[in-house]
> 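One structure follows; several queries about it will come next.
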Amino acid sequence: MTNTPFPDGFLWGGATAANQIEGAYDQGGKGLSVQDVMPRGISGPRSETPTPDNLKLVGIDHYHRYAEDIALFAEMGFGVYRFSIAWSRIFPKGDETEPNEEGLAFYDRVLDELEKHGIEPLVTISHYETPLHLAETYGGWTDRELIGFYERYARTLFERFGSRVKYWLTFNEINSLLHAPFMSGGIPIPEGGVPEQQLYQAMHHELVASARATRIAREVAPEAKVGCMVLSMPIYPLTPSPDDARAVMDADHGNLVYGDVHTRGAYPGYFLRTLREKGIELEITDQDRDDLTNTVDFVSFSYYMSIAETADPSKKVAGEGNIMGGVSNPTLEASEWGWQIDPVGLRLVLNQFWDRWQKPLFIVENGLGARDQLVEVDGEKTVVDDYRIAYLNDHLVQVGEAIEDGVDVLGYTSWGCIDIVSASTAQLSKRYGFIYVDRNDDGTGTLDRYRKKSFGWYADVIRSNGASLTR
Ligand code: BGP
């Protein structure tokens with residue numbers, strides 16, 4: 001197609017995560033993960049053991065329906081499918097020396113289906129799925145031992161799947177650790193909160209583990225491309241005052257440091273200043289410093305919203321969507337869950353990341369969570385999700401603008417290409433998919449799948465390589 005900015009070979013697809021899609025939380029030899037005791041996502045307390053109100057225990061039963069789901073992705077024309085491997089399917093407790101063969105065999109079957117349909121796998125090694133045993137016995141990533149456990153897990157995956165999987169992501173949204181210690185770092189949160197010293201040490205351990213996995217991939221699966229994965233969020237000053245602009249710089253630095261370390265191989269000076277000013281002494285060995293120099297092949301990220309930031313304490317009022325800090329932007333509309341909708345922000349973040357790191361970029365999450373209404377049209381059950389089509393169209397138009405700006409974008413995997421359990425609230429009613437799944441927040445439903453209006457729309461976008469987008 002000539003009338004499109006998207007290059008030939010641009011990878012169009014969708015994304016999910018094991019804990020939000022698979023279900024079968026205790027089948028196939030799988031051990032518990034932190035997600036199995038988070039019935040309300042990050043919006044509520046953990047439970048001591050899995051509880052029946054935790055929708056993730058069944059998810060959308062993808063563990064048994066993966067072939068049907070992948071066939072639907074193929075029907076849309078996916079060139080790539082991002083999914084995560086559940087760490088506790090491979091190492092049920094996390095500190096074993098031998099992997100669980102049943103877990104490995106499940107992902108062999110998933111890869112078989114993807115290969116059958118010519119869909120490129122893009123695998124997230126750890127997507128908020130730390131084995132619960134590691135959280136409860138070691139304190140999650142606060143313990144340096146986790147580096148070795150993760151290294152063994154990553155090596156197992158590269159040895160088993162390295163010839164079949166070209167694209168790998170080390171940690172999902174690695175920069176969410178300080179904001180969601182239990183979900184992101186498997187760190188149990190005591191009454192008074194996790195001491196900052198421990199949080200930053202956990203961040204260091206994850207960065208070292210990510211870099212070691214990158215080095216192992218180069219040894220074991222030389223064809224593999226390893227990317228980091230960060231949560232992106234353009235931050236605008238609430239007013240043009242220099243104080244607000246500086247508040248934006250400080251907040252931006254808090255997020256950009258992860259990509260800086262993954263692409264430059266060392267901690268930047270502004271981060272060392274942050275540690276000094278907080279009185280935090282990280283335990284960093286010479287081996288750690290050497291490990292960190294194993295930089296990534298590409299940078300991937302999620303994009304949903306932008307936020308505003310201010311230095312004025314009287315205006316520091318977080319909106320519903322400000323789960324990673326900041327304040328609401330009075331110029332933007334929000335989704336039903338308060339996430340502020342800003343397509344131009346995606347162009348800004350693509351330019352910022354490209355200008356800063358000069359690494360190929362991959363958008364591995366973008367989508368609109370909304371309450372969908374199942375209706376019948378011409379005798380077929382469907383959802384007329386024009387709002388989702390508008391959201392995705394406008395964001396993809398901005399991806400095209402960024403490509404015209406000279407940004408090297410490898411691909412785009414829309415988040416929640418099929419309805420799955422949400423991470424922040426653990427609801428199914430917060431739907432993202434091109435495919436409706438008949439399951440409700442109270443656990444009822446047939447689990448049947450239905451194509452939404454956006455299913456055909458996205459198939460056209462893929463078929464036309466973006467030429468069908470409305471600019
Ligand atoms: C990101 C996670 C995804 C996904 C997405 C949507 O933070 O990487 O796992 O859940 O957010 O968020 P939610 O599911 O809370 O609507």
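Both counts, for ligands and for their atoms, begin at 1 and track the order of listing.
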> Does ligand 1 have any atom that is closer than 4.0 Å to a heavy atom of Leu231?
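Judged by the 4.0 Å heavy-atom criterion, Leu231 does not count as contacting ligand 1.
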> For ligand 1, which is the ligand I care about here, please tell me if Lys430 has any N or O atom under 3.5 Å from one of the ligand's N or O atoms.
yes
> Which residue and non-hydrogen atom of the protein lie closest to atom 6 (C) of ligand 1, and at what distance in Å?
Tyr432 OH, 3.4 Å
> By salt bridge (charged side-chain N to carboxylate O under 4.0 Å, His left out), which residues pair with Arg356, not counting sequence neighbours?
Asp260
> Taking only residues two or more places apart in sequence, or in another chain, which ones meet Asp61 in a salt bridge (charged side-chain N to carboxylate O under 4.0 Å, His left out)?
Arg65
> For residues Tyr138 and Phe149, establish whether the separation of their ring centroids is below 6.0 Å.
yes
> Using heavy atoms and a threshold below 4.0 Å, how should the contact between Ala423 and ligand 1 be classified: side chain, backbone, both, or neither?
both
> When the aromatic ring centroids of Phe83 and Tyr81 are compared, is their separation below 6.0 Å?
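Centroid separation for Phe83 and Tyr81: below 6.0 Å.
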> Mind checking the CG-CZ spacing from Leu111 to Phe106? Nearest 0.5 Å is all I need.
10.0 Å
> When you compare the side chains of Tyr270 and Asp250, does any donor N or O come within less than 3.5 Å of an acceptor on the partner?
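Judged by distance alone, the side chains do not pair up.
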> Can you tell me the protein heavy atom closest to atom 2 (C) of ligand 1 and the distance?
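Nearest protein contact, heavy atoms only, for atom 2 (C) of ligand 1 is Glu365 OE1, 3.4 Å.
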> Can any side-chain N or O of His205 pair as donor or acceptor with the backbone N or O of Trp141 at less than 3.5 Å?
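Yes, the answer is positive, given that a donor and an acceptor are paired below the 3.5 Å cut-off.
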> Which residue owns the protein heavy atom closest to atom 15 (O) of ligand 1, what's the atom, and how far is it?
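Of every protein heavy atom, Ser424 OG, 2.4 Å lies nearest to atom 15 (O) of ligand 1.
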> Distance to 0.1 Å, residue and atom name: give those for the protein heavy atom nearest to atom 12 (O) of ligand 1.
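The closest heavy atom on the protein side is Trp339 CH2, 3.3 Å.
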> Checking contacts here: is it the side chain or the backbone of Trp337 that comes within 4.0 Å of ligand 1, counting heavy atoms only? Could be both or neither.
neither
> Should Tyr304 be listed as contacting ligand 1, given a heavy-atom distance under 4.0 Å as the test?
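In this structure, Tyr304 qualifies as a contact of ligand 1 - some heavy atom is under 4.0 Å.
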> List the closest protein heavy-atom neighbour of atom 7 (O) of ligand 1: residue, atom name, distance to the nearest 0.1 Å.
Glu173 OE1, 2.6 Å
